[in-house]
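Report on the structure given below.
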There are 2 protein chains.
Amino acid sequence: MFDVFEKYLRSKAAFTAEELEQIQAVTTIKKLRKRQFLLQEGDVWTYNAFVAKGCMRIYSVDAKGVEHVLGFAVENWWTGDLQSLASGQPSRFNIDAIEDSVVLLIKKENFEHLRQIIPALHELVNAILHRSFLAQQSRIHTVISSSAEEKYRAFLQDFPEFARRIPQHMVASYLGMTTETLSRIRRNLV
Amino acid sequence: MFDVFEKYLRSKAAFTAEELEQIQAVTTIKKLRKRQFLLQEGDVWTYNAFVAKGCMRIYSVDAKGVEHVLGFAVENWWTGDLQSLASGQPSRFNIDAIEDSVVLLIKKENFEHLRQIIPALHELVNAILHRSFLAQQSRIHTVISSSAEEKYRAFLQDFPEFARRIPQHMVASYLGMTTETLSRIRRNLV
DNA sequence: CGCCGAGTTGAACTGAATCAAGAAACGTGG
DNA sequence: CCACGTTTCTTGATTCAGTTCAACTCGGCG
């Protein structure tokens, strides 16, 4: 499964064969079955995680037991809890697999070290952060200024493939509405 | 006003006197009166902007003429439209001064050049992106999982000083609710 | 085959928006 | 420094989008 990662890396920046080997040396492969946790609330997250196959979901559970989906990650996306990673504090989130998945893990210390010695990796991290920032800003903009239907339309626009792969009740939660509302919106859409 | 910026930079990383001079050489100072625009929808944003004094607001205007506030920036914060900056496309946002303000501007090309030759600046940019990412994630989490009152409580928690400085109708817009709703929440709070 | 989670539908309810009007606060010019 | 117009904020009445509750259907999996 490292080949997926290697292909991804090569597509993003010019890595030497040696650098790729260095990366591979500290990468571990984790297979997850559908519904299996990668991270549970209360645990400290200490990895950088690349999704090589499948689909992950990050979410929190509130006092009433309701799940709130913060985001998804499919092939060639990264996942994890940056907050917990940076602070060393227990995570408030859960990450689990929506499908049978394969995730590549690099321990925080190893990743930091690689980031120091491989300029291309350093740049890649910046680029990802930058892109994520823009994506989040766009999401915030949509959330504070749109109706439920508009939010779903924007979601379809931004992530057409997600609508197919991801259970509707999770999409609804991601959009900040109930399953019933999303169901009704879909009925009046097609 | 550059001294404010210098103080900020020194507090964030170890800059040499020479580096600070290089930065100063490409920094221009812009004073803005209350309500004055720093950026208007349709313009291309080509700067990095540091707020040395005062308070800025970034917002969009929808088809109905309603304003939606994406964020604020007070002293020692950065502002601008990263989307437009990165893509070279016209901005969908407006940025204006909420108070009489002073903003320091560095042209994109100059900033990029400095970022290449000053490692501390490079690190600073990363740190800011990282922090902004976490802040945005937290905001998204609040928005999709909280009632209007909870959102306002979280806002007071996160930015107590904003509640004093920023007009309520802008806060309401930032939180994705109407002025009237915020007014009623405040009444039932104190 | 039967069960269970996911999705749909309907009816009643409610939190927040809208509409409308007045009261304060603010800034600008005389 | 005061007066007047303009924003900003508040309050009440009404409406509506979206939630909640509840029942039912469908499809997949054990």
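So you know, we letter chains A, B, ... as the sequences are listed, proteins then strands, and number each from 1.
- Side-chain atoms of S11(A) come within 3.5 Å of backbone atoms of Y8(A) as a donor-acceptor pair (strictly under, hydrogens ignored).
- The distance from atom CE of M177(A) to atom P of dT19(D) is 7 Å, rounded to the nearest whole Å.
- Ring-centre distance between W77(A) and F162(A): below the 6.0 Å cut-off.
- We find that CZ of R186(B) is positioned 12 Å from C1' of dT8(D), with the value rounded to whole Å.
- For dT20(D), the base has a donor-acceptor partner in the side chain of R184(A) [N/O atoms by modelled type, under 3.5 angstrom].
- Checked against dT19(D), dT10(D), dG12(D), the side chain of T181(A) finds its nearest nucleotide in dT19(D).
- Between the CG atom of L175(A) and the P atom of dA17(D) there is a distance of 18 Å, rounded to whole Å.
- Counting any heavy atom pair closer than 4.0 Å across all strands shown, R33(B) reaches no nucleic acid atom.
- Between E149(A) atom CD and dA17(D) atom C1' there is a gap of 12 Å when expressed in whole angstrom units.
- First and last contacts of DNA chain C with chain B, using any nucleotide atom under 4.0 Å from a protein heavy atom and ordered 5' to 3', fall at dA16(C) to dG27(C).
- Remark: the backbone N or O of A120(A) is not paired with any side-chain donor or acceptor of E123(A) at under 3.5 angstrom.
- A cation-pi arrangement is not found for R139(A) relative to F155(A), the charged atom failing to lie both closer than 6.0 Å to the ring centre and inside a 45° cone about the ring normal.
- Spacing between atom CD1 of I144(B) and atom C1' of dT19(D) amounts to 16 Å, rounded to whole angstrom units.
- Rounded to whole Å, atom C1' of dG18(D) lies 17 Å from atom OH of Y152(A).
- Position along DNA chain C of the nearest nucleotide to G176(B) versus K34(B) favours G176(B) as the more 5'-ward residue.
- Residues H68(A) and D62(A) meet the side-chain proximity criterion, which asks for heavy atoms closer than 4.5 Å.
- K151(A) places its NZ atom 7 Å from the P atom of dG18(D), with the value rounded to the nearest Å.
- Atom NE2 in H169(B) sits roughly 12 Å away from atom C1' in dT6(D) (whole-Å rounding).
- Of the possible donor and acceptor atoms, none in the side chain of S84(A) sits under 3.5 Å from a partner among the backbone N and O of V44(A).
- Of the listed nucleotides (dT10(D), dT11(D), dT19(D)), dT11(D) has the atom at the smallest distance from the side chain of R187(B).
- Residues F37(B) and W45(B) place their aromatic rings such that the two centres sit no closer than 6.0 Å.
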